[in-house]
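Below you'll find the structure, written out as structure tokens, and then a few comments.
Note that the structure is predicted; figures quoted are calculated from it, not measured. All heavy atoms count here, side chains included; hydrogens, waters and symmetry mates do not.
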Amino acid sequence: MHLSARQTRIAGRHVANEPLWLRILLIGISGIVVTVLIIVPLVYVFVQAFGNGPAAWWAQLVKDRDTQHSIFLTVVLAPVAVLLNTIFGLAAAWTLTKFRFRGRVLLLTLLDLPFAVSPVVAGLCILLVYGMQGFLGPTLREWGMPVVFSWPGLLMATTFVTMPFVARELIPLMESLGSDEELAAVSLGASRWQLFWRITLPNIKWGLLFGIIQCHARAIGEFGAVKVVSGGIGGQTDTMPLRVEKLFQEYNNPGSYAVASVLTLMALATLAARILLERWTEYQLAAMSEEKEG
Amino acid sequence: MKRFSLVALFSFVTLIGCSSESNSTAPEGTPSVELLNVSYDPTRELWKDINAEFEKVAVAQTGKAVTIKQSHGASGSQARAVIDGLDADVVSLALWSDTEQLHKKGLLKDGWIDAFPNRSLPYTSTIVFVVRKGNPKGVKEWADLVRNDIQVITPNPKTSGNGKLAFLAAWGSVLKNGGTEEDARKYITQLYKQVPVLDTGARGATTTFAQKGIGDVHLTWENEAHLEIKEANGELDLIYPSQSILAEPHVALVDQVVDRKGTRDVVKKYLEFLYTPEGQAIIAKHFYRPTDAKVLEAHKASFPDLKLFPVTDVCGGWDEAQTTFFADGGEFDRIYEGGQNK
């Protein structure tokens, strides 16, 4: 996926052969769609958020305790979910590319389930299993560790919906890399950890980072699954996306847009990181192939 | 990245542990307690005010620094969440049937309705009409709602208290004018054909009507109507039909939760505060009809007289309303599916 920029460029050469009117039409259509669906709403969020000046915007974010808490919750929950998914993604990709075993295809398919299932359904499943009506809820309550309507449930929901990102990024990459280098390392006496840290990780680091960035972007913005297990307790289980909705419903448009603008800024930062990363890997690959040719 | 995540995890666990600090002005060393009030959709502003007032007087009354958290949503969904384990010390739901749901599941003790004065009703309310500025479509009565040039906004009766009450008020208005049950069914079927969007909760419906500008009439809580109109800066008007339903949003202490958390005494004081003149005045200020006759008299101008009929005038009571009208396969499902297919 980190080669996508280059792929588009190759595809671009093909389009150049199409008649002029078709090119203008297609470019026009995509231009309109992007403007109407992306640029206008995006600009509007910032216009609304900063309409009364940056000081008012800042005040909206810091003067409200519930808003403050929602920012704190999201900024902390998302990285934890990403960490869990990074560990899981590495383990899954390793298992699926290095070993051939019965049920491998099934596991590969299941890995995509969080993308296929609606987040609301995911949230409901967590509620049904870990809620007081579910089979684990009463036990967890007795142990004093309720999952739903508190942060473990939020973490669980976020982790679930963002689960495939890292693994999906790594599996094709590790498959294409093959195991020649690793076999060489093993034949030279490398231990398993040495193998991982010195051979595998350096080879997959950009793909891994790319997966992490995407995973993080999705984790910050998750709404549906989190909404179901949150219980909407102000200043306790409201994440930023939930807070945006709540403020909007409470007629607090400036507050709502302020939080929305922060979410958008986080997303834009992710996008920027992605582009930089794409450029960087492209540059690296080019340098590598030059080296080989020279 | 990974190191950052570890740091985040660590700070997360620590901060979650100590994030329940109180904002009241209690002297140091006062034990603190945190309550959760799970309520229906439009009461956000009411409880925010009441909680702030009670938090001020709580130290003197209970010897504890009290912080009250709120959760709002469609009444039926909120009841469901408490049953699923949302740790509510207090429930203040829109309908008796939603609160009774918790009693049936064993979260409330028998006789919960008499645990507080006035059948646990610190206030009552009703369903009124909100229309566009100047009432361009001339909507005055329930009968006007089924004119074919009118679009009605009301939330889903399956999930929302507002939705159920609006349904029953509409149905009852036909019976009250001497109509038969068949007339009522015909009227309701036509009415819901003219509902373009069914939101889950009251606040969602308000957003649809006031902010998205969909529909000609919004059937909503009296209190919500006042707030909606205030926020609309003169773009909306309030219309009182000659009669409507008497809404009784009970408050209740959730026995199972307060006994586990040991918050019973504080919660009792909290709910009793609602019946004090101060509590009743805040209630009236937010356009809920106070049950204290004196306070109601003092705010008479805010509450025009209209005939309020109880649910028992529409059907046998809430249990019956639930099974005949709102349960799966009930009256509402039949008319709504029928109406949508045509």
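Of all heavy-atom pairs spanning B:Arg44 and A:Gln249, the tightest one is NH2-OE1, 2.8 Å. Summarising the geometry of A:Lys246 relative to B:Gln70, their closest heavy-atom pair is NZ-O, 4.3 Å, with the distance given to 0.1 Å. The two residues A:Tyr251 and B:Glu224 have their closest heavy-atom pair at OH-OE2, 4.0 Å. The shortest heavy-atom contact between A:Gly231 and B:Ser71 is O-OG, 2.5 Å.
By the 4.5 Å heavy-atom criterion applied to side chains, B:Lys105 and A:Met132 are not counted as neighbours. Between A:Phe248 and B:Thr207, some side-chain heavy-atom pair lies under the 4.5 Å cut-off.
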Apply side-chain contact (heavy atoms from CB on, under 4.5 Å) to the pair B:Asp84 and A:Val148, showing each step before the final yes or no.
CA-CA 8 Å; B:Asp84 278 327; A:Val148 288; 5.7 Å; no
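Contacts of A:Asp238 with chain B are absent, with no heavy-atom separation under 4.5 Å from either backbone or side chain. Neither the backbone nor the side chain of B:Asn37 comes within contact range of chain A; no heavy atom of the residue lies under 4.5 Å from a heavy atom of that chain. Contact of B:Glu228 with chain A is made through backbone and side chain together, with heavy-atom distances under 4.5 Å.
Taken to the nearest 0.5 Å, the CD atom of B:Glu231 stands 9.0 Å off from the CG atom of A:Asn252. For the atom pair CZ of B:Arg80 and CG of A:Leu127, the computed distance is 6.5 Å after rounding to the nearest 0.5 Å.
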